[in-house]
Undergrad: 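Supplied in structure tokens, the structure appears directly below.
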There are 2 protein chains.
Amino acid sequence: MTQLRERKKQQTRQTISHVATGLFIEHGFERTTIADIAEAAGVSKMTVTNYFPRKEDLFFDAADMVVRWPARTVAEREIGESALAAIRRAYLAATERQDPLLGRFAPGFARLIADSPALRSRLREVYDQQEQALAAALTEAVGPGGGLLEPRLAAAQLAATLRVLMEEARHRTLADERDDDAFFSGLAALAGQAFTLLEPALGDYAVRSA
Amino acid sequence: MTQLRERKKQQTRQTISHVATGLFIEHGFERTTIADIAEAAGVSKMTVTNYFPRKEDLFFDAADMVVRWPARTVAEREIGESALAAIRRAYLAATERQDPLLGRFAPGFARLIADSPALRSRLREVYDQQEQALAAALTEAVGPGGGLLEPRLAAAQLAATLRVLMEEARHRTLADERDDDAFFSGLAALAGQAFTLLEPALGDYAVRSA
DNA sequence: CAAAAATATTGGTCGGACCTAAAAATTCTC
DNA sequence: GAGAATTTTTAGGTCCGACCAATATTTTTG
């Protein structure tokens, strides 16, 4: 089985990530060293670095998902649906299933981010990659016809709205909003208003043709 | 004279910044160490760090201006003028006077940014601070009446547009667009389109009352 | 000019990122 | 299943940016 090796790798990766998260929550991000993590996980420092090239990656392990979902949503939008409508629909669906992707971290996580410049910087990078991926998807969606700047402007506005919503979600989580149902329905209401603001500019942008 | 010391400080600051810029252009950002800069400027490493806490500050010495101008523009908008209109007017005025603030760096600078992850990260931070300052100005402008999220959404959209325009300016500079007149008039045309996109959503947001 | 205040320097520590060579573990091949 | 090939992990080290404490120097003020 060529999968035994793969399973072990995932296992050690998981162990390292888990141990690191525990240490971060316990002592803070900056005050936890890679050496600490390596020792606690029972591996060498270099192994930690091999799995997680930058220290911040130990924290934002699910960043890829956040980066990709808006672009994927646009790429898979239904016939007759605009990019904005697809993203709005996907966002509201995520609130229905109470997806942590929207920024509903554990309070401990939210606090770590708020307290660490390095983590906030990494988060900005994630948002940026999300926007770039979205711009690429929109460029693909509208074809070579439209102006070159339009997809980037549209991506920037969509991503900016998503980012504000995510920051608000983190902020509310920090402010100790405990009831998940209330949290997510509140978020859905905000998102409705936010996306409606974009409607006049983007309501019929990148509508998928039959 | 309490100003002689001040002048000397500005002098050494200027010297360090100038020397650093030369070394960056010559060898690249990451390949230039703070020790190199200190030695070339004839000061100690710690002196460099005192004037420029982070290495990236040696490069983005005028970041404050970029961070503040949109917020200041909104705060000083004319009676009957919306935030969007004020920013559009200020942007077009900047193209008239061919202000480097809009992203018209020397080609060497633009290349350094493109090649350095650390500089791009710092640039993201600048954009973020620009947006936060703008959000604060808008919150101030609309008073306690409006929803809490609206100013942040408006700031995010305005800042996103400015950022795309600035990236485009950097990109065109890199692509060796030499004629300043053509460059800035092209930028003005793009900006016109970009701001017009925001018109339906923000055209009457934060209009200054008499 | 002497005392006080602000600034610069020296000489360190620390930690994250990176590298190389070698050892260990796993998979592939016969 | 043994040995070869490949991949993963380790050990030990360098480099550099960020930071700190104590000292020295310069500037300002009385």
Side-chain angles (χ1 to χ4, degrees), chain A residues 1-21 23-24 26-61 112 115-123 125, chain B residues 1-17 19-21 23-24 26-61 63 112 115-123 125:
Chain A
M1 288 302 158
T2 177
Q3 284 160 340
L4 189 145
R5 173 181 237 139
E6 201 58 31
R7 281 235 307 279
K8 269 207 129 173
K9 276 178 67 176
Q10 292 307 324
Q11 173 65 29
T12 47
R13 184 192 173 87
Q14 198 66 19
T15 302
I16 292 170
S17 175
H18 187 261
V19 164
T21 301
L23 291 178
F24 290 156
E26 190 173 359
H27 301 119
F29 181 75
E30 337 270 0
R31 297 167 57 86
T32 304
T33 73
I34 290 186
D36 294 340
I37 297 163
E39 191 184 352
V43 298
S44 81
K45 281 177 290 185
M46 201 56 200
T47 301
V48 175
T49 297
N50 281 336
Y51 280 99
F52 304 92
R54 283 164 309 174
K55 190 185 177 187
E56 296 82 29
D57 298 337
L58 283 159
F59 190 81
F60 292 114
D61 204 7
L112 278 172
D115 289 346
S116 163
L119 289 178
R120 289 199 306 274
S121 171
R122 172 69 179 123
L123 201 48
E125 190 183 359
Chain B
M1 290 302 160
T2 178
Q3 284 160 341
L4 189 145
R5 173 183 230 130
E6 201 58 30
R7 280 234 308 280
K8 267 207 130 172
K9 275 178 67 176
Q10 292 307 323
Q11 172 66 28
T12 46
R13 184 192 174 87
Q14 199 66 20
T15 302
I16 292 170
S17 175
V19 164
T21 301
L23 290 177
F24 289 156
E26 190 174 359
H27 302 119
F29 182 77
E30 338 270 359
R31 297 167 56 87
T32 304
T33 73
I34 290 186
D36 293 340
I37 296 163
E39 192 185 351
V43 298
S44 81
K45 281 178 289 184
M46 202 55 199
T47 301
V48 175
T49 297
N50 280 336
Y51 280 100
F52 303 92
R54 283 166 308 176
K55 191 185 178 187
E56 296 81 26
D57 298 336
L58 283 159
F59 189 82
F60 292 114
D61 204 9
L112 278 172
D115 288 346
S116 163
L119 289 179
R120 289 199 306 275
S121 172
R122 172 68 179 122
L123 202 48
E125 192 183 357

Undergrad: Do I16(A) and V19(A) have side chains that get closer than 4.5 Å, going by heavy atoms?
TA: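 Not in contact.
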Undergrad: Could you check how far CZ of F52(A) sits from P of dG16(C), rounded to whole Å?
TA: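 After rounding, the reported distance stands at 15 Å.
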Undergrad: Is there a donor-acceptor pair closer than 3.5 Å between any side-chain N or O of S121(A) and the backbone N or O of P117(A)?
TA: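 No, the answer is negative, given that no donor and acceptor are paired below the 3.5 Å cut-off.
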Undergrad: Would you tabulate the pairs of protein nitrogen or oxygen atoms and nucleotide nitrogen or oxygen atoms of nucleotides 11-15 of chain D closer than 3.5 angstrom?
TA:
none

Undergrad: Considering only side-chain heavy atoms of K55(A), which listed nucleotide, dT10(D), dT7(C), dA17(C), is closest?
TA: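 So the nucleotide nearest the side chain must be dA17(C).
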Undergrad: Without decimals, in angstroms, what is the distance between N50(B) CG and dA6(C) P?
TA: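 Rounding to the nearest Å, CG of N50(B) and P of dA6(C) are 15 Å apart.
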Undergrad: Answer yes or no: is there a side-chain heavy-atom contact under 4.5 Å between F60(A) and L119(A)?
TA: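 In contact.
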Undergrad: Once you round it to whole Å, what is the distance between P of dG17(D) and CZ of R31(B)?
TA: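 Rounded to the whole Å, the gap is 13 Å.
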Undergrad: What integer distance in Å separates E56(B):CD from dA18(D):C1'?
TA: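 Nearest whole value for this atom pair: 11 Å.
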Undergrad: Taking CD in E30(B) as the centre, count heavy atoms belonging to other residues, nucleotides or ligands within less than 6.0 Å. Is the count above 12?
TA: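 Enclosed.
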Undergrad: Grab the CD-P distance between Q11(B) and dT7(C) for me, whole Å please.
TA: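 To the nearest whole Å, that distance equals 17 Å.
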Undergrad: Which ones in residues 12-19 of chain A lie close to DNA chain C, meaning a heavy atom under 4.0 Å from one of its atoms?
TA: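 Hits under 4.0 Å, by residue number: none.
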Undergrad: Decide whether T12(B) and T15(B) meet the rule of one side-chain donor and one side-chain acceptor closer than 3.5 Å.
TA: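 There is no such pair between these side chains.
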Undergrad: Whether D61(A) and R13(A) form a salt bridge (side-chain N of Lys/Arg under 4.0 Å from carboxylate O of Asp/Glu) is what I want to check.
TA: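 The answer is yes: the pair qualifies as a salt bridge.
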Undergrad: Send over the distance from F59(A) CZ to dG16(C) P, rounded to a whole Å.
TA: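 F59(A) atom CZ is separated from dG16(C) atom P by 16 Å.
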Undergrad: Hey, are D36(A) and T33(A) close enough side-chain-wise for a donor-acceptor pair under 3.5 Å?
TA: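 There is such a pair (donor and acceptor under 3.5 Å, judged by atom type) between the side chains of T33(A) and D36(A).
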Undergrad: Quick one: sort the F29(B) and F59(B) rings into parallel, tilted or perpendicular, breaks at 30° and 60°.
TA: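 The arrangement is perpendicular - the two ring planes meet at more than 60°.
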Undergrad: To check you understand the geometry: which heavy-atom pair defines the closest contact between S17(B) and L58(B), and what is its length?
TA: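 Minimum heavy-atom contact is OG-O, 4.0 Å.
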Undergrad: Quick check: on DNA chain C, is the nucleotide nearest G42(B) upstream (toward 5') of the one nearest A35(A), or the reverse? Name the residue that is more 5'.
TA: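 Counting from the 5' end, the first nearest nucleotide belongs to G42(B).
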Undergrad: Rounded to the nearest Å, what distance is computed from the CG atom of residue D57(A) to the P atom of nucleotide dG16(C)?
TA: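 It works out to 13 Å between those atoms.
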Undergrad: Counting heavy atoms from C-beta on, name the nucleotide in dT9(D), dA18(D), dG16(C) closest to the side chain of I34(B).
TA: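 It is dA18(D).
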Undergrad: Mind calculating the distance between CD (E30(B)) and C1' (dC19(C)) to the nearest angstrom?
TA: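 After rounding, the reported distance stands at 17 Å.
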Undergrad: Could you check whether Y51(A) gets within reach of a base, just the sugar-phosphate, or nothing at all, counting any heavy atom under 4.0 Å?
TA: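 Sugar-phosphate: the residue Y51(A), judged by heavy atoms under 4.0 Å, touches backbone atoms but no base.
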